[in-house]
Engineer: 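Next up is a structure, given as structure tokens.
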Amino acid sequence: MHELYMELFNKLGIPEIFGEITWPIIPFVCVAALLIIVVLFLVLMERKVLAWLTIRKGPNRVGPFGFFQTIADAIKLLIKEDIMSKDTNKILFTLAPMIVFAPIMVIYGLMPFTEKFVAINLAAGLFLVFALSSLTTVGIVLAGWASNNKYSLLGGMRSAAQAISYEIPLIISVLSIAVISETLNLSDIVDAQSGGISYNILLNWNIFSWNIWPAFIGFIVFFICSIAEVNRIPFDLPEAESELVSGYNTEYSGMKFALFFLAEYSALFIISVLMVTLFMGGYLSPFNGYLSNILFQNIIHNQIILNIFVHFEQAFWLLAKTYFVILIIMWIRATLPRLRADQLMTFSWKFLLPLSLLNLTIVAIVKYLLNTGNI
Amino acid sequence: MFMEIFSVIFNVGLTHYLILGAIMFCIGLLGLIISRNVIRVLMSIEILLCSVNINFAAFANYVDINNIQGQIFAVFIIAVAAAEAALGLAILLSLYRNKPTIDTEEISELKG
Amino acid sequence: MEFFVKNAGIIALLPLWVFLIIMFGQNLSIYENKKFTLWLTATSTFAGLICSSFILAWTMSHNEPYIQNFIWLEAGYIKLSVGVIVDNLSAMMLMVVTSVSLLIQIYSHEYMNKDEGYHRFFAYLNLFNFSMLGLVLSTNLFQTYIFWELVGVSSYLLIGFWFRRPSASSAATKAFIINRIGDCGLLLGILGFLFFSIIFWLNSSDVFLGFSSLPQAAKYVYAATGSTPMLYTIIAVLIFLGPVAKSAQFPLHTWLPDAMEGPTPISALIHAATMVAAGVYLIARVYPIFELSNDAMTIIAWTGAITAIMGATIAITQQDIKKALAYSTCSQLGFMVMAMGAGAYAAGLFHLMTHAYFKAMLFLCSGAVIHGLNNQQDMKYMGGLRKHMPAVAYTYLIGCLAISGIFLSGFWSKEEIFSGLLANNHIVLLIIALIVAGMTSFYMFRTYFLTFEGEYRGNEHPHNASKVITLPLIIFAIPSAIIGFILCGKFGLPSFDNFISPTHEIVEHSENFILPVISLIISLAGFGLAMVLYVDKYRDKLNINLDNFIQKVKPAYNFSTNLWYIDKSYYKLIDYMVIPVCKLMSNFDKYIVDGIVNLIALMTGFSGWVLRLFQNGNVQTYATILFGGLMLLTFVLTIYWLL
Amino acid sequence: MEVIYNLFFYLISFVLIISALGVVFMPRIVYSAVSLILAFISVAGIFVMLNADFLAITQIIVYAVGITIILIFAIMLTGKISEKKLWIAFAPRTLFAFAISGAFFVTILFAITDGFKLVARESNIFSATLPSLETIETLQTEGTTGIIGKALFTKYVLPFEVLSLLLIAAMLGAIVMTKKSGDNLINHTTKTIEED
């Protein structure tokens with residue numbers, strides 16, 4: 001791909017250096033497009049799912065079954081007047097949504113959507129994901145402060161406290177994954193989950209070697225913490241409507257609000273992708289090998305085309321698992337009430353943190369025994 | 001002659017990083033002394049520590065690439081800096097509670 | 001059995017753990033039930049006793065000692081180590097210490113039950129056990145010294161147990177200070193010995209100052225100091241100073257009678273059976289050093305002899321039952337040291353063992369009496385107690401018979417001492433020993449008759465001792481009675497001599513029956529004299545007036561009641577010699593040393609006043625000064641480095 | 001590639017120096033904090049250029065997030081005062097500070113460049129050159145995490161443990177110092193809520 005791209009520059013007579021500089025930008029362009037599409041779909045999905053769960057109809061006016069509703073919403077947000085109240089801190093008020101949104105966009109580039117579709121394949125990718133996702137907290141706090149509104153400030157402070165508290169069990173539970181697969185590279189983590197537990201028929205299915213089995217407690221902790229990290233019900237205290245109007249984004253409107261909105265839904269998506277990548281085999285199929293190999297190998301004999309099919313299948317598996325997880329998160333939103341602030345903290349420090357440490361200990365012991373061959 | 005000097009200056013090596021560290025150190029030092037705001041003093045201390053980290057990482061890269069001991073020391077410094085920031089905030093808050101000011105000109109309890 | 005030997009250190013460490021547990025936990029609610037402390041202590045000591053018996057059995061069949069060492073600290077080429085030695089000597093001492101201490105702990109539970117310092121008492125007891133067992137198990141002189149001091153500390157703590165009593169606290173201080181004199185000598189001796197033998201230890205495979213190479217080391221030192229045999233004798237005598245203080249030998253014995261201010265179980269355990277015997281034990285351990293110097297041996301023997309006769313003469317006139325027993329202990333220790341000095345190595349240790357049992361029992365009996373009479377110690381107010389507390393009386397009688405050498409265990413050990421003295425041609429010492437034996441018999445039966453026979457002269461109503469008190473007494477009575485006979489080595493029975501000194505050449509006793517018969521006669525004579533003088537019936541019959549009798553020997557009597565004027569002369573010495581010197585030194589300190597210090601302080605104050613001008617209270621100004629200095633330093637160094 | 005590397009260095013250094021100066025000279029303390037975030041992220045960039053990926057990420061997670069949030073909290077908790085413009089101090093020490101840091105910089109520069117010599121740098125210890133391409137290749141594909149982890153748990157395990165003690169001590173110290181006297185730490189939150 002890289003050579004093809006460079007050849008293009010050669011043919012057009014542009015110096016190669018521009019090619020070198022622009023080459024790393026291309027994945028980000030793809031990622032940005034992906035992000036927009038995903039968020040548009042997620043918003044629609046959320047409304048439909050919530051409607052379904054609460055026995056309502058949901059959006060049904062724009063387009064067939066209301067499918068174009070979110071596009072209409074997006075247009076509304078874009079052309080809305082951008083209001084900024086008199087006493088806000090103009091610079092920070094503008095900067096905050098960007099600080100929130102930018103790291104999440106970078107995280108998209110780190111995720112292995114298929115075997116090849118990874119914009120940045122880093123050795124310490126997993127670590128970077130958490131570094132970047134914690135950066136959003138700074139933006140939220142700044143947004144709350146810059147709004148010059150006490151509800152916003154409270155929302156921002158709560159968000160910071162919550163993010164810091166829940167990040168610790170989250171990272172410790174993820175640490176167990178690093179222990180199991182002995183790497184921080186996300187693609188390698190996915191690859192380490194292939195192969196099943198034995199060569200027997202059925203037992204060689206990938207589903208049996210997913211990390212969810214050895215680190216089941218860690219998975220539970222991760223699931224709870226990830227809901228808290230993306231500030232969704234029942235952990236949506238930073239933007240609790242009944243207490244804080246709308247938390248840190250009370251004063252925001254128009255494009256800046258759209259950025260928060262975008263960041264929120266893309267964070268939901270990305271944390272689900274991460275969960276799938278770490279615990280549920282990522283883009284791997286749950287069976288032994290890929291279905292398209294089995295289905296088409298007698299029909300298509302060109303290996304390259306077959307590989308393309310395999311890539312699409314990998315993307316399919318990833319998205320299928322991801323949306324399954326998202327569905328559960330939405331289901332939880334429709335079911336559970338909001339927690340109280342002190343319950344939130346107590347739950348994290350007194351329950352999740354010990355649990356995650358327990359999980360890490362168990363995983364480490366099992367790993368040690370496996371490595372020394374005592375089991 | 002001019003091109004030679006230009007290439008020496010332009011091609012980045014260890015010296016460049018060390019100079020960068022020195023600049024950062026001097027800025028941090030300046031901030032440490034001239035700020036009137038205690039929080040800004042804390043920030044300046046962080047900049048000082050960062051400048052040291054840059055030097056460590058640079059030495060690790062150019063002198064000790066196989067063991068990267070400089071990076072390990074930088075990790076230690078980062079951890080100590082975190083502890084220092086937390087304690088700095090705690091001291092600041094208890095100071096603020098006893099005497100509601102964060103102006104360094106007004107804090108002179110150490111006067112002998 | 002190997003297991004117990006390899007882990008012999010556990011015996012010493014168990015009491016330490018118990019000490020820490022009790023000490024740090026004594027305010028916990030679990031300790032409200034005092035039995036918990038007792039169980040903890042007694043179980044640990046019982047475990048120690050079991051281990052010790054296994055170790056004893058092991059040593060019966062092994063001649064080579066088991067030694068285990070860890071390097072403890074290294075200073076240059078000197079490596080000091082701690083470790084565990086298991087040989088016949090330490091096995092015997094382990095057995096004695098653990099068994100005596102177990103019985104005494106059970107006894108103390110009842111004796112100290114009403115005391116508010118119950119837990120403290122048991123904690124100290126465990127500390128003592130730890131240090132004593134550590135002393136016994138030491139592999140080298142250095143470790144011995146450490147535990148020697150620890151033993152002294154626990155003794156100090158226990159003498160001053162009732163520290164609110166001025167007499168007790170001053171007795172504790174006295175014991176501590178006098179022991180310090182001896183320990184100072186011991187340390188100097190050890191250092192002197194190390195100084196001359198350091199090359200030997202460097203070439204030796206043994207640890208520094210290890211006991212197993214001590215004979216060769218002693219020979220080496222003897223050769224090294226060959227030109228001045230005086231020097232070797234001084235070293236030996238300095239080492240002997242330790243035992244002199246710890247075992248209450250003649251010039252430094254004054255602390256032991258005062259130490260009776262502590263609780264009676266302590267007097268029994270520490271100041272009769274074990275700690276004071278540690279001195280004798282040390283003599284046994286470093287015997288190779290003494291053996292080489294005839295002068296040192298003579299000094300040791302004569303010290304022992306003087307102590308023996310002095311203790312005996314003083315004990316005759318004591319009115320306080322515990323004081324009488326204390327001087328008796330003094331005298332018996334003198335016996336042992338005399339035996340050691342005269343070359344009767346095994347006999348001394350044999351007497352140590354038998355003495356440990358019967359003297360512990362005697363003290364416990366006296367404790368029972370004191371307990372029964374609500375802390376009445378004066379024999380003037382006793383008498384006729386046999387009717388009130390028969391078990392105590394009969395065990396006391398057994399003890400008296402044992403110590404006086406009338407058929408029971410003391411007879412056998414004393415007989416060995418006598419024959420040892422005879423075999424080494426110490427006729428003068430033998431005569432002294434025989435006289436002391438007679439006096440022993442006299443004063444012991446005097447205490448017995450004054451306490452248990454005749455009419456009751458006190459005011460308190462005597463009440464009988466409980467079972468917890470009498471049970472240890474009865475158990476003690478068994479070894480007190482028979483242990484001498486069992487180990488005497490005659491009539492086909494096992495020989496203590498063979499057991500304890502397989503490496504030393506055994507002195508062949510001349511098997512005559514005259515000496516035992518003489519000693520028996522002398523003891524019986526003492527017994528008869530005591531009966532005549534102190535049993536009312538016989539006294540009335542022979543028409544003897546005790547007061548008149550005392551008037552007749554007034555100078556001797558005064559000499560004895562005034563404790564040979566030793567204490568008084570010590571006080572005079574301190575008043576007229578030590579205190580003036582101290583005053584002089586104090587004045588030197590006050591005016592010259594303090595003057596210099598004050599001058600320096602003034603200068604510091606002045607410079608502080610100058611420096612204070614820089615302290616305007618702003619931290620950043622300090623930072624400016626600091627970094628300014630750093631900048632100057634960097635600048636100078638850079639210039640220096642580049643040019 | 002070399003040119004790009006150099007250009008990136010100058011870009012990041014420029015941002016870093018400007019933002020560091022911003023930290024010191026911004027009139028409002030909140031802007032200083034934002035400027036500080038930028039400085040920290042630039043330092044992370046410098047670390048990436050020095051093949052220190054683990055260090056760069058640690059820099060972001062500890063400095064750019066952890067410490068910055070602490071500082072922003074401090075700004076917010078002392079809000080009333082920090083809104084007053086507390087800028088640089090007009091005191092004699094400010095002049096001294098400029099002189100000292102200037103002289104310091106010149107001295108260090110003098111030392112680093114071996115007396116302002118631009119070319120002859122081979123003679124001193126700083127003559128180290130960029131390591132071989134293979135080493136960089138392996139470092140970039142495998143990352144430095146493994147090396148640092150191994151070193152931390154073998155050679156530097158004692159400092160590492162001491163560091164954990166230090167962190168615990170700092171945490172406890174911070175809690176004790178910020179606790180109001182008479183606070184019941186454990187039930188504080190629930191109690192206030194019950195009172196409400």
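Atoms considered below: every heavy atom in the structure, side chains included; atoms not considered: hydrogens, waters and symmetry mates. So that the names make sense, note that chain A is the first sequence line, chain B the second, and so on, each numbered from 1. All of these numbers come straight from a predicted model, not from anything done at the bench.
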Engineer: Looking only at heavy atoms, which two atoms of A:Ala131 and D:Val65 are closest? And how far apart?
Structural biologist: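 Taking every non-hydrogen atom into account, O-CG2, 4.2 Å.
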Engineer: For atom CZ of D:Phe8, is the number of surrounding heavy atoms from other residues, nucleotides or ligands below 6.0 Å larger than 12?
Structural biologist: no
Engineer: Can you confirm whether D:Phe14 is buried at CZ, in the sense that more than 12 heavy atoms of other residues, nucleotides or ligands lie under 6.0 Å from that atom?
Structural biologist: no
Engineer: What part of A:Leu135 lies closer than 4.5 angstrom to a heavy atom of chain D: side chain, backbone, both or neither?
Structural biologist: both
Engineer: Do A:Trp145 and D:Ile72 pass the side-chain contact (heavy atoms from CB on, under 4.5 Å) test, and can you show the C-alpha distance, the side-chain angles, and the key distance before you say yes or no?
Structural biologist: CA-CA 9 Å; A:Trp145 190 81; D:Ile72 291 175; 5.9 Å; no
Engineer: Can you list the steps and then say if A:Val138 with D:Ile37 is a side-chain contact (heavy atoms from CB on, under 4.5 Å)?
Structural biologist: CA-CA 9 Å; A:Val138 180; D:Ile37 300 175; 3.3 Å; yes
Engineer: Provide the closest heavy-atom pair for A:Ala124 versus D:Thr145 in the form atom of the first, atom of the second, distance.
Structural biologist: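 Heavy-atom minimum between the residues: CB-OG1, 3.9 Å.
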Engineer: Looking at A:Thr137, A:Ile164, A:Asp188, A:Leu92, which one has more heavy-atom pairs under 4.5 Å with chain D than the rest?
Structural biologist: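 Heavy-atom pairs under 4.5 Å are most numerous for A:Leu92.
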Engineer: Determine the minimum heavy-atom distance between A:Phe127 and D:Ile61, stating which atoms define it.
Structural biologist: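 For A:Phe127 versus D:Ile61, the nearest heavy atoms are CE1-CD1, 4.2 Å.
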Engineer: Can you say whether A:Leu153 sits under 4.5 Å from chain D via the side chain, the backbone, both, or neither, judging by heavy atoms?
Structural biologist: side chain
Engineer: More than 12 foreign heavy atoms under 6.0 Å from OH of A:Tyr151: is that the case here?
Structural biologist: no
Engineer: With only heavy atoms counted, which part of A:Met157 is less than 4.5 Å from chain D, the side chain, the backbone, both or neither?
Structural biologist: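 Answer is both: backbone and side chain atoms of A:Met157 are under 4.5 Å from chain D.
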Engineer: Using non-hydrogen atoms only, which part of D:Thr58 is less than 4.5 Å away from chain A: side chain, backbone, both, or neither?
Structural biologist: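 Both backbone and side chain.
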Engineer: Which atoms of D:Val34 are under 4.5 Å from chain A, going by heavy atoms: the side chain, the backbone, both sets, or neither?
Structural biologist: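 Just its side chain gets close to chain A.
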Engineer: Are more than 12 heavy atoms from other residues, nucleotides or ligands located less than 6.0 Å from atom CZ of D:Phe25?
Structural biologist: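 More than 12 within 6.0 Å, yes.
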